[in-house]
Amino acid sequence: MSLFHLFLLAVIQGLTEFLPISSSAHLILFPQVTGMQDQGQVIDVAVHFGTLGAVILYFWPDVKMGLLGIPDMLRGRLETPGARLAFLLVIATIPVILFGLALKLTGLDDAMRSVAVIGWTMLGFGLVLWWADRVSDGQKTDADWTLRDAIVMGLWQAVALIPGTSRSGATITGALFLGYNRRDAAKLSMLMSIPTIIASASLLSLDIIRDGNTELAFEAVIAAIFAFLSALLALALLMRLLKSISYTPFVIYRVILGVVLLAWAYS
């Protein structure tokens, strides 16, 4: 795979991971639209891993707090903000791990990588995001995150394994329905991505080690670096924009793309 090919994939991932428009859908569609080689799930996860670095860097104070709270969490002491955050992130990650394993064992993860599936989910979940953004009272902040909210958002994150749904879009939708403001809904969504990406990247890393494909491993590292740089820029831009705009522009993009994809799939 050429360096330019890896660069394009990484930029697509970096720009779309934190926007509620489904980065995985764009990665799946890219080879189908351009005719280029399908990069496969290893490169998909590599660029997600690059965006993970951007999340950790951007939200480092919260990440550091959660890391320092892990020892207390393991001892069952959840009184400190760090231990509470670490515990809630673990709880929110359980549904996506279970659903992800089920999809992988049944082979449905590959079967769902189709234009028709992406078209329907892009359209349907885009409209759901629009509705959530309209009805949310926006009174809750990340400090109000509870066990119930973590479970609900975790279930939304599991649904997002269906291509086109958007992990960030689904978790932000869930947070908006729960009454969180737009910025903190996005912040919780990004923090939830950390253990989720670590889990999926670790699983595929074992595949790379077992296969001994050093060339693929090198390509994955290059793609991750490119994705990290583009994602850091996109994340900073999104958090700034959410101070003054709603999610409607992203919904419009999803609806238009969904309609186009469905027309393509059924033509």
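Residue numbers count from 1 along this sequence. If you're wondering where the values come from, they're calculated on a predicted model, not measured in any experiment.
Listed by first and then second residue, the salt bridge (charged side-chain N to carboxylate O under 4.0 Å, His left out) pairs involving residues 57-70 are Asp62-Lys187 (not counting sequence neighbours). Sorted by first then second residue, the salt bridge (charged side-chain N to carboxylate O under 4.0 Å, His left out) pairs that include residues 150-177, not counting sequence neighbours, are Glu17-Arg167. Within the structure, ring-ring contact (aromatic ring centres under 6.0 Å, His included) pairs that include any residue of residues 221-246 comprise Phe7-Phe226 (at least two apart or interchain). Identified under the salt bridge (charged side-chain N to carboxylate O under 4.0 Å, His left out) test for residues 255-267, with sequence neighbours left out: none. Among residues at least two apart or in separate chains, there is no ring-ring contact (aromatic ring centres under 6.0 Å, His included) pair with a member in residues 50-92.
Using a distance-only test at 3.5 Å, with no hydrogens or angles considered, no donor-acceptor pair links the side chain of Ser136 to the main chain of Ala132. Using modelled atom types, one side-chain atom of Gln139 and one backbone atom of Asp137 make a donor-acceptor pair closer than 3.5 Å. Judged by distance alone, with hydrogens and angles left aside, the side-chain atoms of Ser230 form a donor-acceptor pair with the main-chain N or O of Ala227 at under 3.5 Å. Proximity of a side-chain donor or acceptor of Asp149 to a complementary backbone N or O of Leu178 within less than 3.5 Å is not detected. Using a distance-only test at 3.5 Å, with no hydrogens or angles considered, no donor-acceptor pair links the side chain of Asp133 to the main chain of Trp130.
There is no path of hydrophobic side-chain contacts, each under 4.5 Å, that joins Leu68 to Leu85. Each of Leu105 and Ile94 belongs to its own hydrophobic cluster when Ile, Leu, Val, Met, Phe, Trp and Tyr are linked at side-chain heavy-atom distances under 4.5 angstrom.
Within the 4.5 Å cutoff, no side-chain heavy atoms of Lys140 are placed close to those of Asp184. Considering only heavy atoms from C-beta on, Arg254 stays 4.5 Å or farther from Leu123 through its side chain. In this structure, Leu129 and Phe177 have side chains that are not in contact, with every pair of non-hydrogen atoms separated by 4.5 Å or more. Within the 4.5 Å cutoff, the side chain of Met190 has heavy atoms near those of the Leu238 side chain. Taking the side chain as every heavy atom from C-beta outward, Ser168 and Met192 never approach each other to under 4.5 Å. Under the 4.5 Å side-chain criterion, counting only non-hydrogen atoms from C-beta, Val90 is in contact with Met73.
Take Thr121 and apply the side chain to side chain donor-acceptor pair (under 3.5 Å) test, not counting sequence neighbours, and it matches no residue. For Thr80, there are no side chain to side chain donor-acceptor pair (under 3.5 Å) partners, not counting sequence neighbours. In this structure Thr173 satisfies the side chain to side chain donor-acceptor pair (under 3.5 Å) test with no other residue, sequence neighbours excluded. Ala185 pairs by the side chain to side chain contact (heavy atoms under 4.5 Å, CB included) definition with Ile172, Ala175, Leu176, Tyr180, not counting sequence neighbours.
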Validation: residues 255-267 side-chain donor-acceptor distances under 3.5 Å, sequence neighbours left out:
{"unit_1": "Tyr266", "atom_1": "OH", "unit_2": "Trp120", "atom_2": "NE1", "d": "3.1"}
{"unit_1": "Ser267", "atom_1": "OG", "unit_2": "Ala263", "atom_2": "O", "d": "3.4"}
{"unit_1": "Ser267", "atom_1": "OG", "unit_2": "Trp264", "atom_2": "O", "d": "2.9"}

Residues 245-252, side-chain donor-acceptor partners within the protein, below 3.5 Å, at least two apart:
{"unit_1": "Ser246", "atom_1": "OG", "unit_2": "Thr248", "atom_2": "N", "d": "3.2"}
{"unit_1": "Ser246", "atom_1": "OG", "unit_2": "Thr248", "atom_2": "OG1", "d": "3.0"}
{"unit_1": "Tyr247", "atom_1": "OH", "unit_2": "Arg182", "atom_2": "O", "d": "3.1"}

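Between Asp142 and Arg183 there is no salt bridge, since no side-chain N of the basic residue sits under 4.0 Å from a carboxylate O of the acidic one.
Atom CG of residue Leu233 and atom CG of residue Leu15 lie 7.5 Å apart, to the nearest 0.5 angstrom. Rounding to the nearest 0.5 Å places CG of Leu191 at 11.0 Å from CG of Leu88. Rounding to the nearest 0.5 angstrom, the gap separating the CG atom in Leu232 from the CG atom in Leu237 is 11.5 Å. Annotation: the span from Leu6 atom CG to Leu9 atom CG amounts to 6.5 Å, rounded to 0.5 Å.
For the residue pair Ser189/Thr171, the side-chain donor-acceptor check at 3.5 Å is satisfied.
The heavy-atom pair separating Thr51 from Phe18 by the smallest distance is O-CZ, 3.7 Å. Of all the heavy atoms in Val96 and Thr93, the pair that sits closest is CG1-O, 3.1 Å. Taking both residues in full, the closest heavy atoms of Met36 and Pro31 are given as O-CB, 3.3 Å, listed atom of the first, atom of the second, then distance. Counting all heavy atoms, side chain and backbone alike, Gly14 lies closest to Ala234 at O-CB, 3.3 Å. The shortest heavy-atom contact between Pro81 and Met65 is CB-SD, 3.8 Å. Taking all atoms of both residues into account, the shortest heavy-atom contact from Ala170 to Thr165 is CB-CG2, 4.1 Å.
Among Leu155, Ile151, Leu161, Val159, the single residue meeting the side-chain contact (heavy atoms from CB on, under 4.5 Å) criterion with Pro95 is Leu155.
With side-chain heavy atoms closer than 4.5 Å counting as contact, directly or through intermediates, the hydrophobic cluster containing Val221 also holds Ile225.
Heavy atoms from other residues, nucleotides or ligands lying under 6.0 Å from CZ of Arg75 number more than 12.
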Practice task
Verify side chain to side chain contact (heavy atoms under 4.5 Å, CB included) between Ile194 and Leu52, making sure each step is shown before the conclusion.
Solution key: CA-CA 6 Å; Ile194 295 175; Leu52 169 65; 3.7 Å; yes
